[in-house]
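Here is the structure we will look at.
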Amino acid sequence: MKREFRLRKTADFQRVRAGKQSWAHPLLVLYVAPSDVGLTRAGIVVGKRVGGAVVRNRVRRRIREALRLRHADLPPGYDLVFIAREPSARAAWSELRAAVDRLLRRAKLLKQFNS
RNA sequence: CCAGGAGGGAGGGCGACCGCUCGGGCGAAAGCCUGAGAGGAAAGUCCGGACAGCACAGAGCGAGGUGCCCGGCGCAAGCCGGGGUCGGGAGACCGACGGACAGGGCCACAGAGACGGAGUCUGCGCGCGCUGCGCGCAGGGUGAAACGCGGUAACCCCCACCUGCUGCAACCCCAAGCAUGGCCGUCGACGCUGCUCGCCGAGGCCAGGGUAGGGGGCACCUGCCGCGAGGCGGGAAGGGCGCCACUCGGUGCCCUGAGAUAGAUGGUCGCCUGAAACAGAAUCCGGCUUACUCCCCUCCUGGAGCG
RNA sequence: CGGGGUGUAGCGCAGCCUGGUUAGCGCGCGUCGUUCGGGACGACGAGGUCCCCAGUUCAAAUCUGGGCACCCCGA
């Protein structure tokens, strides 16, 4: 996922999380807010409770990869913030990918897919 | 062969598909091609240095750190070599180290008594003004320790050596310009009013924090080949292992350099035998400590077997 | 990344600097009393790896070193 599709600034994260549009899953939480930039931008938050630096990096990279596989199917103009919960450290790749898909569908950003 | 001790090495490889950051080439652009891309501990942040800002005549005090002896490197911590004492082990080997006649403080409970002045019980001996007292010797009991000028400096302290304070979120620069301040041949209102002037508001110009934004700090120099990134060499710097000198040092070989900024170095598989553990750079370098895997090498100790 | 702090009973804290006495206080908990019953009150009582591992010392919650967890501050 290239830099222009990422959320970069603290103000962006605060705006999306203040929008109160959120969906929860045992592994992840998704916040969504419309943006005036005509792109789908995303940020990933992995707190210290999830684990050490190696674990946090792995979780973030897996979420980013799962999101990258769906990026082309998402309608532009929205900012997303994914927050990893503690069990995501022990989740397998397939579970994490399913969680991302499920949250995107529930947020009505992704239509039914037969993946 | 088994058990153990010391030191050192290694910390996955190959392939497929899809990706990320930085650099380079081509291109008007989208993009395409191409080079490089985490560790031995990157960790904990326990120390030191470089670097930066501030402070600073010199000296002293305070505060902090280190501590057997000799030698080497280093400002110092620390590391290396040799030696010593004590403790552990059958051994190889491992662990701990200044000073208690410079001074002060503390030593609960038990005990007569915890250290300067006293003094318990029993026995023996001697003396006397003899139901006892005094002196001397030995022993018992309490306690970690009992008169032995005890123990405690990981209590203050003494001795020797060292140290300014704060830290890359340091610090420097840039554009925008808010708070605020200054100036004005401008306009309006008010005060005395004839002007000057004072004052308030608007306007213009200038300066301009802090925060937020961007950049630097931030990764050495150079010859050849290549369009270039880069590759192969050379040099400097730092580190490791040697050799010669042992006062400055000289010299040979080897290793190292990625540069993100909501933060790249990956995701999913297949094979290698069944690839496993601890774990992710954030200014850089060195030391210490802690975490940990499948193995490999060298030397040594003890035991068993065979010749 | 850098700097600083805190871990003691179910909860909130004291004790640590200056080592020793029984590890204490409030709330909570249990039993009994009081009341027709409850609350309040009174009496008695239970409950502690003093975060963990080493070391110094006769003796460690306290001193020293090393870990672990949590919290705060700095552009």
Side-chain angles (χ1 to χ4, degrees):
Chain A
M1 191 161 47
K2 292 206 170 222
R3 187 172 286 156
E4 58 182 317
F5 300 120
R6 285 191 240 146
L7 283 185
R8 304 286 307 282
K9 295 188 166 54
T10 304
D12 288 333
F13 278 84
Q14 286 173 345
R15 180 174 51 77
V16 173
R17 296 188 65 174
K20 303 292 185 189
Q21 288 288 317
S22 69
W23 290 267
H25 183 273
L27 298 179
L28 300 169
V29 179
L30 170 63
Y31 280 83
V32 178
S35 82
D36 43 4
V37 187
L39 298 168
T40 300
R41 298 188 303 173
I44 301 166
V45 178
V46 186
K48 273 230 171 142
R49 296 185 61 87
V50 176
V54 174
V55 174
R56 295 202 307 273
N57 274 337
R58 185 167 58 237
V59 169
R60 177 155 33 80
R61 285 162 180 162
R62 280 175 164 173
I63 294 172
R64 189 190 301 146
E65 178 70 8
L67 196 58
R68 188 182 64 82
L69 294 170
R70 292 284 177 247
H71 189 258
D73 303 324
L74 298 174
Y78 290 93
D79 285 345
L80 318 175
V81 170
F82 282 92
I83 300 172
R85 300 174 125 179
E86 276 187 76
S88 62
R90 296 178 299 278
W93 155 244
S94 57
E95 296 176 309
L96 211 51
R97 192 185 169 186
V100 170
D101 281 359
R102 180 169 171 76
L103 284 174
L104 288 175
R105 275 196 294 271
R106 288 184 60 194
K108 305 282 198 293
L109 292 175
L110 185 68
K111 295 181 178 174
Q112 283 296 331
F113 245 88
N114 46 354
S115 54

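Each chain gets a letter, A, B and so on, in the order its sequence line appears, and its residues count up from 1.
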Give me the distance, rounded to whole Å, that separates [N] from [M] when you measure between the [atom1] atoms they each carry.
N	M	atom1	value
A276(B)	G12(B)	C1'	10 Å
G13(B)	G231(B)	C1'	24 Å
G287(B)	A43(B)	C1'	16 Å
A100(B)	A153(B)	C1'	8 Å
A59(B)	A42(B)	P	40 Å
C284(B)	G252(B)	C1'	29 Å
C294(B)	A277(B)	C1'	9 Å
C269(B)	G31(B)	C1'	29 Å

Legend entry - Donor-acceptor under 3.5 Å (Arg58(A) side chain, Ala89(A) main chain): no

Inset, instruction - Answer yes or no: is there a donor N or O on one side and an acceptor on the other, between the side chain of Arg56(A) and the main chain of Gly51(A), under 3.5 Å? - result: yes

Nearest whole angstrom, please: distance from the [atom2] of [N] to the [atom1] of [X].
X	N	atom1	atom2	value
Tyr31(A)	A262(B)	OH	P	21 Å
Arg68(A)	C18(B)	CZ	P	10 Å
Trp93(A)	U268(B)	CH2	P	6 Å
Leu67(A)	G266(B)	CG	C1'	15 Å
Lys48(A)	A43(B)	NZ	C1'	11 Å
Ile44(A)	A262(B)	CD1	C1'	10 Å

Sort out the partner of [N] for me: Watson-Crick or G-U wobble, both distances under 3.5 Å, none otherwise.
N	answer
G194(B)	none
A61(C)	none
A160(B)	U66(B)
C61(B)	none
A43(B)	U289(B)
C128(B)	G132(B)
U6(C)	A69(C)
C178(B)	none

Inset, instruction - Enumerate the residues from residues 51-63 of chain A whose closest heavy atom to RNA chain B is under 4.0 Å, giving them by residue number; use none for an empty result. - result: Ala53(A), Val54(A), Asn57(A), Arg60(A), Arg61(A), Arg62(A)

N-glycosidic conformation, [N] - syn within 90 degrees of 0, else anti:
N	result
A170(B)	anti
A52(B)	anti
G13(B)	anti

Inset, instruction - Considering non-hydrogen atoms only, spot the tightest contact between Leu103(A) and Leu30(A) and give its length. - result: O-CD2, 3.8 Å

Inset, instruction - Of all the heavy-atom pairs spanning Ala84(A) and Val50(A), show the shortest one and how long it is. - result: O-CG2, 3.9 Å

Legend entry - Atom pair OG1/NE2 of Thr40(A) and His71(A) - distance to nearest 0.5 Å: 5.0 Å

Inset, instruction - Any side-chain hydrogen bond (donor to acceptor under 3.5 Å, both in side chains) involving residues 85-96 of chain A? Give me the pairs, sequence neighbours left out, ordered by first then second residue. - result: Arg49(A)-Glu86(A)

Legend entry - Phosphate OP1/OP2 of G263(B): any Arg64(A) side-chain N/O under 4.0 Å: yes

Inset, instruction - Flag the pair Arg62(A) and Glu65(A) as a salt bridge only when some basic side-chain nitrogen lies within less than 4.0 angstrom of an acidic carboxylate oxygen. - result: no

Inset, instruction - Check step by step if side chain to side chain contact (heavy atoms under 4.5 Å, CB included) holds for Leu80(A) and Leu74(A). - result: CA-CA 11 Å; Leu80(A) 318 175; Leu74(A) 298 174; 4.3 Å; yes

Inset, instruction - Please say whether more than 12 non-hydrogen atoms of neighbouring residues, nucleotides or ligands are located less than 6.0 Å from CZ in Arg15(A). - result: yes

